[in-house]
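Every number for a ligand or one of its atoms is a count from 1 in the order of the listing. From a predicted model like this one, the values you see are computed outputs, not experimental measurements.
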Amino acid sequence: MSSPQAATNEPRRYQLFIGGEWVDAESGKTFTTPNPATGAPLAEVAEADKADVERAVAAARQAFEGKWSKLSARDRGRLLYKLAQLIEAHAKELAALETADNGKPIRESSYIDLPQVVENFEYFAGFATKIEGETIPVPGQFFNYTLREPLGVCGQIIPWNFPLLMAAWKLAPALAAGNTVVLKPAEQTPVTALELGKLIQEAGFPEGVVNIVPGYGETAGAALAAHPGIDKIAFTGSTEVGKLIARAAADNLTKVSLELGGKAPNIVFADADLEQAVNGALMGIFYNQGQVCCAGSRIFLEERIKDEFLERFKAKAEKIKVGDPADKTTQMGPQVSEEQLNRIKGYVDIARQEGASVLTGGASPELDEQFRGGYFFRPTIFCDVNNRMRVAQEEIFGPVSSVITFTDEVDLIKQANETIYGLSAGIWTRDITRAHRFAREVKAGVVWINTYNMFNAASPFGGYKQSGYGREMGRHAIELYTQIKSVWVDLSGKPIGWFGN
Ligand code: NAI
Ligand code: MG
């Protein structure tokens with residue numbers, strides 16, 4: 001396994017992918033994406049701006065009106081399947097690049113991100129031939145049926161926490177349904193999306209079907225969201241930017257789907273298998289350095305197990321191996337950027353000011369010389385938190401859990417739902433009635449019972465409340481990328497009587 005040092009020796013270079021060609025930005029500008037483990041430059045990337053987004057949207061439109069719409073569903077499926085196979089063949093290098101660009105441990109990029117990327121392309125490859133209309137039993141001499149058609153050109157703006165996987169969640173259903181795409185990766189992590197562009201080319205997708213425009217949110221992203229030439233905008237990222245996207249889209253009534261922030265309750269009842277619940281709490285908040293929209297960041301503990309749970313939770317959190325993400329035994333790498341690291345540090349101060357206490361963590365770890373420039377933070381647990389504190393209400397997006405205790409189930413559910421978010425929730429209990437009652441009552445798009453962070457390409461994912469709208473993955477994702485046309489046919493062959501005289 002190459003160390004991040006080796007990966008940063010010579011910055012890689014990438015251009016924009018527009019209309020099937022690799023091109024510089026019209027402005028000639030580039031930006032650098034660092035390796036978050038060291039702070040050293042990993043790649044120099046062409047910086048797309050409004051003018052490049054214009055070109056990309058035009059290329060996507062041309063592809064949509066041209067070759068792509070003439071291709072059969074089977075052939076679209078075959079291309080997606082070919083792409084899945086190419087990704088699988090290059091999984092090792094893609095995982096290493098994901099780790100170098102994002103900082104996530106290589107064991108996560110190798111065994112979670114990449115397999116799920118392949119799974120998503122495979123799942124939607126099979127879906128291309130199963131997108132169907134319906135016949136509707138209307139009365140009289142009429143025959144009514146529906147056509148399920150693609151939307152057209154889709155803008156897709158993705159975040160940095162699962163760079164390649166977010167590209168897969170967005171691209172696979174859009175392409176299966178027959179749309180063309182302009183994809184804007186996050187400025188922190190553009191590398192694997194651009195590598196994917198090479199594989200899209202190699203798989204044989206017609207030019208312009210997928211266009212990739214790395215750049216900043218305020219420039220490239222905003223230009224894409226406000227572009228009147230797109231039919232849909234799909235976004236994953238902060239709730240704050242989600243609102244900007246929805247506003248920009250409103251001007252053109254562009255269709256929107258949003259997958260935004262969260263502040264998930266992860267609830268442990270006294271009757272739970274404690275070992276399982278502790279492991280689930282660790283997985284819920286420390287996985288991917290806590291940079292997960294569905295992170296179980298509010299841990300609700302039934303009061304009488306508080307001491308025992310916290311003792312085990314703290315001990316295990318302190319054993320987590322933080323360090324070189326390219327090392328196979330590392331469990332937590334650096335945060336994605338200095339900006340994110342500072343944001344997390346800021347919340348430690350806020351927690352203290354609010355009267356919460358730091359049970360463990362709260363600072364960066366001591367690491368070898370080589371990683372001093374990296375953005376590392378220790379697994380952190382805040383105790384004595386109440387649900388009204390900022391650390392219980394705001395998305396921190398780091399390895400920071402806020403522990404709240406409860407005694408009464410009714411009050412617990414009220415507190416669990418007292419948040420602007422509603423993406424996910426977890427519950428640990430052996431009482432199946434309670435578990436399913438909770439699943440009904442919690443306002444969240446995903447509920448995990450005695451497990452956490454489970455995903456499958458066939459299972460829908462998305463938020464309630466300010467966590468967004470629309471469901472990705474599964475057949476619901478096809479609904480996000482298609483529209484229905486209702487077709488009426490008069491079977492009687494007679495003239496219409498009404499004004500016909
Ligand atoms: P962000 O929401 O600004 O970035 C996500 C994507 O949106 C990136 O591709 C970015 O370039 C783009 N973007 C930013 N401003 C835009 C604009 N005005 N118009 C169009 N596109 C725009 O997230 P950021 O600033 O990187 O992180 C801030 C916080 O957002 C995090 O601390 C976390 O709380 C949350 N977040 C949530 C994610 C999720 O998976 N739901 C992912 C990333 C961040
Ligand atoms: Mg931002």
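At most 12 non-hydrogen atoms from other residues, nucleotides or ligands lie less than 6.0 angstrom from NZ of Lys255.
Ligand 1 has an N or O atom lying under 3.5 Å from an N or O atom of Gln340, backbone or side chain. The distance criterion of under 3.5 Å between nitrogen or oxygen atoms is met by Arg343 with respect to ligand 1. Considering backbone and side-chain atoms alike, Cys293 places every N or O at 3.5 Å or more from each N or O of ligand 1. Of the polar atoms of Leu244, none of the N or O atoms is found under 3.5 Å from an N or O of ligand 1, judged by distance alone. Residue Phe397 has no nitrogen or oxygen atom sitting less than 3.5 Å from a nitrogen or oxygen atom of ligand 1, judged on distance alone.
Side-chain contact between Thr419 and Gln393 is present, with at least one heavy-atom pair separated by less than 4.5 Å.
Between Arg13 and Asp24 no salt bridge is recorded (no basic side-chain N to carboxylate O distance below 4.0 Å). Glu318 has a carboxylate O that lies under 4.0 Å from a charged side-chain N of Lys314, or vice versa, which qualifies the two as a salt bridge.
For atom 22 (C) of ligand 1, the nearest non-hydrogen atom from the set Gly155, Ser238, Gly217, Gly398 belongs to Gly217. Of the listed options Thr236, Ile157, Val241, Thr236 places a heavy atom closest to atom 5 (C) of ligand 1.
Proximity of the aromatic rings of Tyr452 and Tyr287 is defined here by a centroid distance below 6.0 angstrom, and this criterion is not met. In this structure, Trp169 has its ring center under 6.0 Å from that of Phe461.
No donor-acceptor distance shorter than 3.5 angstrom exists from the side chain of Ser110 to the backbone of Ala95, with no hydrogens or angles considered.
Residue-ligand proximity, Ile158 to ligand 1, at heavy-atom distances under 4.0 Å covers atoms 6 (C), 8 (C), 9 (O). Using a 4.0 Å cut-off to heavy atoms of Ala222, the atoms of ligand 1 that qualify are 19 (N), 20 (C).
Among all protein heavy atoms, the one lying closest to atom 40 (O) of ligand 1 is Asn161 ND2, 3.3 Å. Closest to atom 42 (C) of ligand 1 among all protein heavy atoms lies Pro159 CB, 3.3 Å. Counting only heavy atoms of the protein, atom 11 (O) of ligand 1 lies nearest to Glu187 OE1, 2.6 Å. Summary of contacts: the protein heavy atom closest to atom 20 (C) of ligand 1 is Gly221 C, 3.2 Å. For atom 35 (C) of ligand 1, the nearest protein heavy atom (residue, atom name, distance) is Glu395 OE1, 3.4 Å.
Residue Leu224 does not touch ligand 1, judged by heavy-atom distances below 4.0 Å.
Heavy atoms of Phe235 come nearer than 4.0 angstrom to ligand 1 in at least one pair. The shortest heavy-atom distance from Gln188 to ligand 1 is under 4.0 Å.
The only member of Leu301, Leu310, Ile299 that meets side chain to side chain contact (heavy atoms under 4.5 Å, CB included) when paired with Cys383 is Leu310. The side-chain hydrogen bond (donor to acceptor under 3.5 Å, both in side chains) test with Glu44 is passed by exactly one of Thr32, Thr33, Thr30: Thr30.
In this structure, atom 25 (O) of ligand 1 has no protein heavy-atom contact shorter than 4.0 Å. Counting only heavy atoms, the protein gets under 4.0 Å from atom 9 (O) of ligand 1.
If you check the side chains of Ser257 and Lys232, you find a donor sitting under 3.5 Å from an acceptor.
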Decide side chain to side chain contact (heavy atoms under 4.5 Å, CB included) for Leu224 and Val57; before the verdict, give the C-alpha distance in whole Å, the side-chain angles of both, and the deciding distance to 0.1 Å. CA-CA 8 Å; Leu224 185 56; Val57 170; 4.1 Å; yes
Could you go through Glu418 and Lys414, starting from their C-alpha distance and side-chain angles, then the distance that decides it, and tell me whether this counts as salt bridge (Lys or Arg N to Asp or Glu O under 4.0 Å)? CA-CA 6 Å; Glu418 263 165 8; Lys414 192 166 156 272; 3.4 Å; yes
